[in-house]
Amino acid sequence: MSLQRCLMPDFSCIYVEKGIRHHFRTVEILKHFPGAEVIEINAYEDIFNRSRQSYLLQQKSRALILAEHRGQLVYQGSPVCQSFDQNYFYYTSSIMNCLYDCSYCWLKGLYQSAAVVIFVNLEDTFHEVEKMLEEHPVYLCVSYDTDLLGMESICHYVSAWCEFACMHDNLSIEIRSKGGVLPACLSVCERTILAVTVSPERACRDYEPGAPSLEKRIALLQEGMKRGMPVRLCFDPVLVYPGWQKENEALLQRLNEEIDFSQVRDVSLGTFRLSASYMKKMRKEDPSSVILQYPYVCTDGFYHLEDEKEKETEETMLAMISQYINKEKVFLWRSL
């Protein structure tokens, strides 16, 4: 049994929009859950955007929603995310919500519901991207609102996006993940970037429940390199807690023992930051969270470490990372 299938919720309740009930992807996805109650709905928003829902309670028994992605399908990249010096930085959401339960995850502040939404009309997004490619190159984050690799066993979107990217010379995609199993048959090229978020073992255990272990994340890095994928290391967010420096130093030492840093394309480095509106909602729902209740400061509508602490944290991490890889390959979410 694959790692993804082991982590997959039962999805005993599946909502399906009537308009895509017989779409080929809907039919294939439903085959994975033969015992599920299937409820037809008019629009996913009727379930997903209902008011007065509890994200934390719904995480204990998630619903799955199969829907059509309507309206705008590709968006400008967020200013709090690294663009990696790309002039045409965008993201798209083939799936909304993540299977994991990271205590700091911004999706808990963004969405009303913990239900997972899969948009089955992926070809419509491909078509929108192709129209953009007629005007200019595109750098596209495809796992922005989910861990796409974690859902691969039921919808195969990583495979589809990689195949699509390899067919278009001016398209680069980033697949960001905290671990999973790469499909046996996967199209790869220099523009299909595997970005793996790595955290010290304590952070994985205490602040990223449900996500793959550090061991599994390293295994994914190793497999990506073996397949010839450009690999990105993501230390993002770097969480500040007692002993974080020593734990990240140990993390880098372990990575150096298990992967070839010369094969690392680049590194993403960033400290905690979160929209003020998301923080308000998340603190209310989870008042015991050590990470959320930290005394951050709010600037221009988002919370972050106090400036001096933020600079100190990033400089410390940059110095440690630079022992293993040229610091010119390290991208920060904003300049020191």
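Worth knowing before you read on, the calculation uses all heavy atoms, side chains too, and leaves out hydrogens, waters and symmetry mates.
- Classification of Asp286 and Lys281 as a salt-bridged pair fails, no side-chain N sitting under 4.0 Å from a carboxylate O.
- Residues Cys162 and Ile175 come closest through the heavy atom pair SG-CD1, 3.5 Å.
- Using cut-offs of 30° and 60° on the angle between ring planes, the pair Tyr91 and Tyr144 is parallel.
- Residues Tyr75 and Leu110 fall within the same hydrophobic cluster, defined by Ile, Leu, Val, Met, Phe, Trp and Tyr side chains chained together at heavy-atom separations under 4.5 Å.
- Side-chain contact, Ser159 with Glu152: a donor N or O sits under 3.5 Å from an acceptor N or O.
- Looking only at atom types and distance, the side chain of Ser143 has no donor-acceptor partner in the side chain of Glu174 under 3.5 Å away.
- Between the CG atom in Asp236 and the CG atom in Leu233 there is a gap of 12.0 Å [rounded to 0.5 Å].
- A ring-centre distance under 6.0 Å is not found for Tyr296 and Tyr303.
- Heavy atoms from other residues, nucleotides or ligands lying under 6.0 Å from CD of Glu215 number 12 at most.
- Centroid-to-centroid, the aromatic rings of Tyr44 and Phe119 come within less than 6.0 Å.
- Panel note: side chain Thr26, backbone His22; no donor-acceptor pair is recorded below 3.5 Å.
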Problem set entry | Audit row: Gln59, Asp101, side-chain hydrogen bond (donor to acceptor under 3.5 Å, both in side chains) steps and yes/no | CA-CA 8 Å; Gln59 278 187 312; Asp101 186 21; 3.0 Å; yes

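- Expressed to the nearest 0.5 Å, how far CG of Leu148 lies from SG of Cys141 amounts to 12.0 Å.
- Gln53 approaches Gln112 most closely through the heavy-atom pair CB-O, 3.3 Å.
- Counting only heavy atoms from C-beta outward, the side chains of Val38 and Tyr15 never approach each other to under 4.5 Å.
- Panel note: side chain Arg202, backbone Glu247; no donor-acceptor pair is recorded below 3.5 Å.
- Side-chain atoms of Asn97 come within 3.5 Å of backbone atoms of Ala115 as a donor-acceptor pair (strictly under, hydrogens ignored).
- Rounded to the nearest 0.5 Å, atoms CE (Met282) and CG (Leu107) are 8.5 Å apart.
- With sequence neighbours left out, the side chain to side chain contact (heavy atoms under 4.5 Å, CB included) criterion links Arg52 to no other residue.
- Hydrophobic cluster of Phe84: the remaining members, joined at side-chain heavy-atom separations below 4.5 Å, are Phe89, Tyr139, Ile193, Phe331, listed by chain and number.
- Leu255 places a side-chain heavy atom less than 4.5 Å from the side chain of Phe261.
- In this structure, CG on Asp260 lies 14.0 Å from OH on Tyr324, to the nearest 0.5 angstrom.
- Taking the side chain as every heavy atom from C-beta outward, Trp161 and His156 never approach each other to under 4.5 Å.
- Contact record, Leu220 with Gly180: CD1-O, 3.6 Å, taken as the closest heavy-atom pair.
- Under a hydrophobic clustering in which Ile, Leu, Val, Met, Phe, Trp and Tyr are joined whenever their side-chain heavy atoms come within less than 4.5 Å, directly or via other members, Phe126 and Met167 fall into different clusters.
- Crowding of Asp300 atom CG: a count of heavy atoms from other residues, nucleotides or ligands under 6.0 Å not exceeding 12.
- Here the closest non-hydrogen pair linking Gln82 and Gly270 is NE2-N, 4.2 Å.
- The closest side-chain donor-acceptor pair between Asp145 and Tyr111 falls under 3.5 angstrom.
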Exercise. Do Gln245 and Thr316 pass the side-chain hydrogen bond (donor to acceptor under 3.5 Å, both in side chains) test, and can you show the C-alpha distance, the side-chain angles, and the key distance before you say yes or no?
Worked result: CA-CA 8 Å; Gln245 299 97 324; Thr316 299; over 6 Å; no

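- A 4.5 Å side-chain heavy-atom check between Ile218 and Val196 finds every atom pair outside the cut-off.
- Side-chain atoms of His304 and Cys298, non-hydrogen and from C-beta on, never get closer than 4.5 Å to each other.
- Between atom CG of residue Asp46 and atom CG of residue Asn42 there is a gap of 6.5 Å, rounded to the nearest 0.5 Å.
- When side chains are defined from C-beta on, Tyr241 counts as touching Pro200, because their heavy atoms get closer than 4.5 Å.
- Shown here are the ring-ring contact (aromatic ring centres under 6.0 Å, His included) partners of His168, two or more places apart in sequence or in another chain: Phe164.
- Rounded to the nearest 0.5 Å, atoms CG (Leu221) and CZ (Arg232) are 12.5 Å apart.
- Formation of a donor-acceptor pair under 3.5 Å by the Arg191 side chain with backbone atoms of Leu171 is found in this model.
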